[in-house]
Amino acid sequence: LLAEGETTRAQLTLAKVAALDPVDRDRSARAQIGLARCALANTSDLQSREQARTAAQTVLDRYGDTPSLPAAQEILSTLK
């Protein structure tokens, strides 16, 4: 959806996954990374950058043992 320019639909779908599938930690972490990337698609908005930072930091704090950790670290490093 994000690749098709449907940022809002992508954000809603990813938020549902992150909230409703807490058992699958890797899937939740991937959803958070997806939310961060959606937020970064709107780089002109300061609030979107903060949303991206929050989603990536969530992966770092809660899902640091998942394969999504490097993506979160990369996102956070681009937001400095």
Side-chain angles (χ1 to χ4, degrees):
L1 293 173
L2 181 59
E4 296 170 4
E6 297 188 44
T7 306
T8 303
R9 280 188 51 203
Q11 286 175 309
L12 289 171
T13 301
L14 292 163
K16 286 179 189 176
V17 170
L20 299 176
D21 195 5
V23 176
D24 188 342
R25 294 173 51 73
D26 188 39
R27 187 173 182 185
S28 293
R30 286 193 318 266
Q32 290 289 340
I33 294 299
L35 285 169
R37 290 183 175 145
C38 285
L40 287 175
N42 188 9
T43 56
S44 63
D45 182 9
L46 183 60
Q47 184 178 4
S48 293
R49 292 178 57 81
E50 190 56 39
Q51 289 172 345
R53 184 183 322 281
T54 299
Q57 190 65 48
T58 297
V59 173
L60 196 68
D61 295 343
R62 295 185 186 171
Y63 306 107
D65 60 338
T66 68
S68 296
L69 178 62
Q73 292 169 325
E74 180 181 336
I75 290 167
L76 289 170
S77 72
T78 64
L79 292 171
K80 290 185 177 183

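Numbers for residues simply follow the sequence, beginning at 1.
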### Query
Step by step, would you call Gln57 with Leu60 a side chain to side chain contact (heavy atoms under 4.5 Å, CB included)?
CA-CA 5 Å; Gln57 190 65 48; Leu60 196 68; 3.4 Å; yes

### Query
What pairs meet the salt bridge (Lys or Arg N to Asp or Glu O under 4.0 Å) rule with one or both residues in residues 52-68, with sequence neighbours excluded?
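Listed once each, the pairs are Arg25-Asp65, Glu50-Arg53.
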
### Query
In Å and rounded to the nearest 0.5 Å, what is the CZ to CG distance from Arg37 to Leu40?
9.0 Å

Report all side-chain donor-acceptor pairs from residues 66-80 shorter than 3.5 Å, counting only partners two or more places apart or in another chain.
| unit_1 | atom_1 | unit_2 | atom_2 | d |
| --- | --- | --- | --- | --- |
| Thr66 | OG1 | Tyr63 | O | 2.8 |
| Thr66 | OG1 | Ser68 | N | 3.4 |
| Ser77 | OG | Glu74 | O | 2.8 |
| Thr78 | OG1 | Ile75 | O | 2.7 |

